[in-house]
Amino acid sequence: MQPTSDNPVNARFTDTANDAASDTASDAANGAVDSAPDSPGRPAPIRALTIASSDSGGGAGIQADLKAFARCGVHGMSAIVALTAQNTVGVNAVHECPPDFILAQLDAIFDDLPPAAIKTGMLFSEQIITTVAQALAGRDVPLVVDPVMIASSGAQLLREDAVGALVELLFPLATVITPNLMEAQALTGLGSEDRAEIAEALVAMGARGVLVTGGHGQQHIDHLYADGQHLDIPVPRYPVAATHGAGCTHSAALAACLARGLPVAQAARQAALVAASAVKHGLVGLGAGDGPVDVLDVRSMRPPTSSPAGNPAQAGQLR
Ligand SMILES: Nc1ncnc2c1ncn2[C@@H]1O[C@H](COP(=O)(O)OP(=O)(O)OP(=O)(O)O)[C@@H](O)[C@H]1O
Ligand SMILES: Cc1ncc(COP(=O)(O)O)c(N)n1
């Protein structure tokens, strides 16, 4: 079966865990629930971790990452480093978590739920970056660093004095970094739209792999440069006013695919399909501003209508 933009991940992954996940999703969409519990012999799910900030509007950040992890069939965990008071119009306030609480979240996760891959998103300050880098150093886990700098609404999500720490402390730990075109240009000081050239400059700055995403500029391509190899991934550009969270969704999907054991190039292709599908189902008109992407296509889903105890006739009846 060929992957499609509507069914990017399930089209490629035909393992048992993913088949079961897609069965459950289609059951839920049909309003039916199987009364039998899962078999005790079913393998534990693959785990992925996002270290990022909360978007109170539910469009980007941690909220988008967890949806993308679920879409890719992995269990999502989160260490929240800052909270934003945010909606589709803008970011009204940012509240940083204290470093010791960030470390407490990471310790709790690593002690019991070691992730198969990690992504970082909005890290906001030098103090947070230093804390996160210290916790990640020496861990042999694939790491996607999304250098989130400016929100699509225009708000600054990385302080200017924190850019140096991001480059010096986190880039060397990353398997791949995923700047959009403007972030890649800002980080390198290059004005060019040549993603291959910019990616090489970012590798020279210490990143092992670079994926410059394709949502902006003249060329509709994600460009990957890793292990000395360049790869252009053509991507669609849907005319949808709902791309808030596209970058978060893309980097979370990339981390999920690495967690599933895919090589970086294949994971990058899958992530492009997941992000495009999320934009295609974007929630235009959700608020007054540009809507968020929707990687789960929630408008196609319904709560179950049959009883888990197996008596459909009584399901949902008010007493
Ligand atoms: N209009 C679109 N149609 C289809 N795919 C898109 C669109 N916009 C973004 N994408 C996909 O989403 C991913 C991230 O895109 P982009 O380069 O816009 O990152 P970003 O600017 O960080 O996203 P964000 O909108 O969250 O700021 C890319 O793989 C890109 O191709
Ligand atoms: C918490 C958080 N993380 C990331 C983004 C970037 O997403 P976008 O560029 O789509 O606004 C955001 N707006 N908020």
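The figures that follow rest on heavy atoms only: side chains count, while hydrogens, waters and symmetry mates do not. Remember, it's 1-based here, ligands and their atoms both numbered in the order they're listed. None of these values were measured; they are calculated from a predicted model.
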Task: Polar atom proximity, Gln86 to ligand 2 (N or O, under 3.5 Å) - done: yes
Open item on the list: Does atom CG (Asp227) have a neighbourhood of more than 12 heavy atoms from anything else shown, all under 6.0 Å?
Closed with: no
Answer side chain, backbone, both or neither: which part of [X] comes under 4.0 Å from ligand 2, heavy atoms only.
X      : value
Ile62  : neither
His244 : both
Cys248 : side chain

Open item on the list: On a heavy-atom basis, I'd like to know which of Thr249, Leu157, Val81, Asp290 is closest to atom 12 (C) of ligand 2.
Closed with: Leu157
Open item on the list: Among Ser153, Ala82, Gly61, which one puts a heavy atom closest to atom 3 (N) of ligand 2?
Closed with: Gly61
Open item on the list: Under 4.0 Å between a side-chain nitrogen and a carboxylate oxygen: does that hold for Arg159 and Glu96?
Closed with: yes
Between ligand 2 and [X], can you find any atom pair, the residue atom being a heavy atom, that is separated by under 4.0 Å?
X      : answer
Gly59  : no
Gly121 : no
Gly245 : yes

- [ ] Note the single closest protein heavy atom to atom 9 (O) of ligand 2, along with its residue, its atom name and the distance in Å.
- [x] Ser152 N, 3.1 Å
Is there any protein N/O under 3.5 Å from an N/O of ligand 1, and what does the full list of such pairs look like?
residue  : atom   : partner : partner atom : Å
ligand 1 : 1 (N)  : Tyr238  : N            : 3.4
ligand 1 : 1 (N)  : Tyr238  : O            : 2.9
ligand 1 : 3 (N)  : Tyr238  : N            : 2.8
ligand 1 : 17 (O) : Thr213  : OG1          : 2.6
ligand 1 : 17 (O) : Gly215  : N            : 2.8
ligand 1 : 18 (O) : His216  : NE2          : 3.3
ligand 1 : 19 (O) : Thr213  : OG1          : 3.4
ligand 1 : 21 (O) : Asn180  : ND2          : 2.8
ligand 1 : 21 (O) : His216  : NE2          : 2.8
ligand 1 : 23 (O) : Gly247  : N            : 3.0
ligand 1 : 25 (O) : Thr243  : O            : 2.9
ligand 1 : 26 (O) : Gly245  : N            : 3.4
ligand 1 : 26 (O) : Ala246  : N            : 3.0
ligand 1 : 26 (O) : Gly247  : N            : 2.8
ligand 1 : 29 (O) : Asp222  : OD1          : 3.2
ligand 1 : 29 (O) : Asp222  : OD2          : 3.0

Task: Pairs satisfying ring-ring contact (aromatic ring centres under 6.0 Å, His included), at least one member in residues 189-228, at least two apart - done: His223-His230, Tyr225-His230
